[in-house]
Structure formats: structure tokens, C-alpha cells
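Okay, structure first, notes after.
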Amino acid sequence: MDNLLGLLRVRVRKGINLAVRDTVSSDPYVVLTMGQQKLKTRAVKNNCNPEWNDELTLSITDVNVPITLTVYDGDTLTRDDKMGDAEIDIKPYTESLKMGSENLPNGCVVKRVQPSKTNCLSDESCCVWNNGKIVQDMCLRLRNVERGEVVLQIEWIDLPGRKAFSNES
């Protein structure tokens, strides 16, 4: 517990144009994996454009440990089918936390992250100062599948008595 930096809230908002894994649709859900942690959203029945709006919270001990997002099609009688995966890169986000943004106006963009071969972003992603915290919205293009994207938002939660990314540390 001593090496815990803080918590990362991941709001898994929606899937866009996900692959069909059943006859005409899919029953998608998302699994987030980081080290030994594994969290999942609820499944949305018969929908290749699901809206989850689920919040999952990861304990962060090392910002360099990758966070993998995997989409599955829930099946009743057989093993769930994989519908693609993506990696969530939190390093640009944690860099923006270190900047000390307390005096910025709401909606101010602290950092812009462009899609590249080294991330799974399908579009520009911005770290934005909003209501006393920085949030980053991102749209991730799924890998190892014919199509699909997942829209999510990440937000850092400081632990009482610790400021992992304050500019005083």
C-alpha cells in the first residue's frame, strides 16, 4: 500500500461500430487489465454501438505498467469471443498532472495528444482542466479486429495525504 500513487477512474463510455460476433450483432463488454488487476463493465445485449457509461477504478503503483482494454462478446453456452483490444497510455496524462494547473479557467486544454503508431488513439485526445481536476477523453481504435472503437475518459484521484503528481513533489 505504501507504493500506491493514487487511483485512476476510467469511465468507459461507449463502443462505436464494433465487430459482429453473433449472428447479426454482439453482446459486448470491456475488460481493463493492469498488472494483477482485472475489472469489467456490464454487457450490453445485441448492440454493436453500446453505451456502457460504467466507471472502473484502478489502483496505480507504477505509471509505466500498461493498461490493456479488451472488448469481448458475452456468450451463454460457449467461451466469450474477443472483439479487439487497445492500450491506454496514461503517460501524457500524468505529465499534464505535474504541470500545476490550479489557476486555469475551466475547459482549458493542458495537453494535446495526437494519434500515432505508438498509441491506439483514433483522434486527437486532450487533457482538459475542468472543475478542479484534469480529465482526458480518448477514442481508442481497437487492434486485432476488423473494426471498432471505444470512447472513454480518465481522471486521477489523489489519495488522502498524498499528492503523487503535485509540482511540490
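The residues of the chain are indexed from 1 along the displayed sequence.
- The environment of Arg112 atom CZ is sparse: at most 12 non-hydrogen atoms of other residues, nucleotides or ligands sit within 6.0 angstrom.
- To the nearest 0.5 Å, atoms CG (Leu142) and CG (Leu69) are separated by 7.0 Å.
- With rounding to the nearest 0.5 Å, the separation of CD1 in Ile67 from OG1 in Thr33 is 10.0 Å.
- Here the closest non-hydrogen pair linking Glu149 and Leu18 is O-CD2, 3.7 Å.
- Taking Asp85 as the reference, Lys82, Arg143 meet the salt bridge (Lys or Arg N to Asp or Glu O under 4.0 Å) condition, with sequence neighbours excluded.
- The two atoms that bring Leu140 and Glu87 nearest to each other are CD2-O, 4.2 Å, heavy atoms only.
- Smallest separation of non-hydrogen atoms from Cys139 and Val151: SG-CG2, 3.9 Å.
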### Query
Do Asp123 and Arg141 pass the side-chain contact (heavy atoms from CB on, under 4.5 Å) test, and can you show the C-alpha distance, the side-chain angles, and the key distance before you say yes or no?
CA-CA 9 Å; Asp123 203 356; Arg141 181 172 288 120; over 6 Å; no
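- Ile154 and Val109 fall into different hydrophobic clusters, defined by Ile, Leu, Val, Met, Phe, Trp and Tyr side-chain heavy atoms under 4.5 Å apart, directly or through other members.
- Closest approach of Val63 and Ile90 over heavy atoms only: O-CG1, 3.9 Å.
- Not one N or O on the side chain of Asp73 forms a donor-acceptor pair closer than 3.5 Å with the backbone of Pro28.
- Under the 3.5 Å distance criterion, the side-chain polar atoms of Trp52 are matched with a main-chain donor or acceptor of Arg42.
- Distance CG/Asp62 to CD1/Ile60: 9.0 Å, rounded to 0.5 Å.
- Atom CG of Asp75 is separated from atom CG of Asp22 by 5.0 Å, given to the nearest 0.5 angstrom.
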Report, one line per pair, each donor and acceptor closer than 3.5 Å where one atom sits in a side chain of residues 4-16; sequence neighbours left out.
unit_1	atom_1	unit_2	atom_2	d
Arg9	NE	Glu55	OE1	3.4
Arg9	NH1	Glu155	OE2	3.4
Arg11	NE	Glu55	OE2	3.0
Arg11	NH1	Gln153	OE1	2.5
Arg11	NH1	Glu155	OE1	2.9
Arg11	NH2	Glu155	OE1	2.9
Arg13	NH2	Gln153	OE1	3.2

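- The backbone N or O of Asn3 sits nowhere less than 3.5 Å from a side-chain atom of Thr61 that would complete a donor-acceptor pair.
- The structure places OG of Ser116 at 7.5 Å from CG of Leu121, a figure rounded to the nearest 0.5 Å.
- In plain terms, the two heavy atoms of Met138 and Ser125 that are nearest each other are CB-OG, 3.6 Å.
- By the 4.5 Å heavy-atom criterion applied to side chains, Tyr93 and Ile134 are counted as neighbours.
- Under the side chain to side chain contact (heavy atoms under 4.5 Å, CB included) test applied with Gln136, the options Val113, Leu97, Val128 reduce to a single match, Val113.
- In this structure, Leu39 and Thr57 have side chains that are not in contact, with every pair of non-hydrogen atoms separated by 4.5 Å or more.
- Distance check, rounded to the nearest 0.5 Å: CG of Asn53 to CG of Leu152 gives 11.5 Å.
- The shortest side-chain heavy-atom distance between Val145 and Arg21 falls under the 4.5 Å cut-off.
- What you find for Ala19 and Glu146 is that their closest heavy atoms are CB-OE2, 3.4 Å.
- Hydrophobic clustering, defined by side-chain heavy atoms of Ile, Leu, Val, Met, Phe, Trp and Tyr closer than 4.5 Å, groups Tyr29 together with Val31, Tyr72.
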